[in-house]
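Below is one structure, written out as structure tokens; comments come after it.
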Amino acid sequence: SEVTLFGCLGPHFGSITISVGGHSQTVSEHQSGFTLCGQEIWHRALPDTSRKLTISVVSGVGNIDEVQVDGGSAAATGSVG
């Protein structure tokens, strides 16, 4: 299974951390200029033993438009900054 996150990139956004299967990655949603939404901001293959995806805002404002899981399902929890 693979999971893909889509969100906005723009001058008013910060960073989010995505955790799945014991691994975490911080992604910046900041870009100068103008805001673009619906952009793929992260993707990863899900380990067979993992069914939990956690999204946390670590700085500024975070945005997730959509979470897509192909070939399986995952529980998602998010926090807003």
Side-chain angles (χ1 to χ4, degrees):
S1 298
E2 290 190 5
V3 63
T4 306
L5 300 181
F6 296 88
C8 294
L9 301 173
H12 303 292
F13 294 105
S15 297
I16 60 171
T17 295
I18 303 106
S19 301
V20 64
H23 299 281
S24 295
Q25 181 176 357
T26 299
V27 176
S28 174
E29 294 184 305
H30 181 81
Q31 90 171 9
S32 59
F34 52 91
T35 299
L36 292 171
C37 292
Q39 303 297 302
E40 181 179 314
I41 58 173
W42 181 86
H43 71 275
R44 180 180 170 94
L46 287 175
D48 291 338
T49 58
S50 181
R51 293 292 177 251
K52 182 177 182 181
L53 170 73
T54 303
I55 303 164
S56 302
V57 177
V58 293
S59 69
V61 175
N63 172 272
I64 299 295
D65 291 337
E66 181 179 359
V67 178
Q68 287 184 353
V69 180
D70 297 322
S73 62
T77 59
S79 59
V80 179

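For reference, positions follow the sequence shown, starting with 1. Given the structure is predicted, the values throughout are model-derived calculations rather than measurements. Just the heavy atoms: all of them, side chains too, but no hydrogens, waters or symmetry mates, feed the values below.
With a 4.5 Å cut-off on side-chain heavy atoms, Val61 and His12 do not count as touching.
Residues Ser24 and Thr17 come closest through the heavy atom pair CB-CG2, 4.0 Å. Nearest heavy atom pair, residue Pro11 against residue Thr35, reads CD-OG1, 3.7 Å. In this structure, Leu36 and Gln39 approach most closely via the heavy-atom pair O-CG, 3.7 Å.
In the hydrophobic clustering of this structure, Phe6 does not group with Leu9; members are Ile, Leu, Val, Met, Phe, Trp, Tyr whose side-chain heavy atoms approach within less than 4.5 Å, directly or through other members.
In this structure, Gln25 CD and Arg44 CZ are separated by 8.0 Å, a value rounded to the nearest 0.5 Å. For the atom pair CZ (Phe13) and NE2 (His30), the distance works out to 11.0 Å, reported to the nearest 0.5 Å. Separating the CD1 atom in Ile55 from the CD1 atom in Ile16 is a distance of 6.0 Å, to the nearest 0.5 Å.
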Yes or no on side chain to side chain contact (heavy atoms under 4.5 Å, CB included) for Leu53 and Val69, after CA distance, side-chain angles and deciding distance?
-> CA-CA 11 Å; Leu53 170 73; Val69 180; over 6 Å; no
Checking side chain to side chain contact (heavy atoms under 4.5 Å, CB included) for the pair Ile64/Ile41: CA distance, chi angles, key distance, verdict?
-> CA-CA 9 Å; Ile64 299 295; Ile41 58 173; 3.8 Å; yes
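Between the side chain of Ser59 and the main chain of Ser15, a donor-acceptor pair closer than 3.5 Å is present. Not a single donor-acceptor pair under 3.5 Å links the side chain of Glu29 to the backbone N or O of Gly7.
Open room surrounds NE2 on His43; 12 or fewer heavy atoms of other groups in view lie less than 6.0 Å from it.
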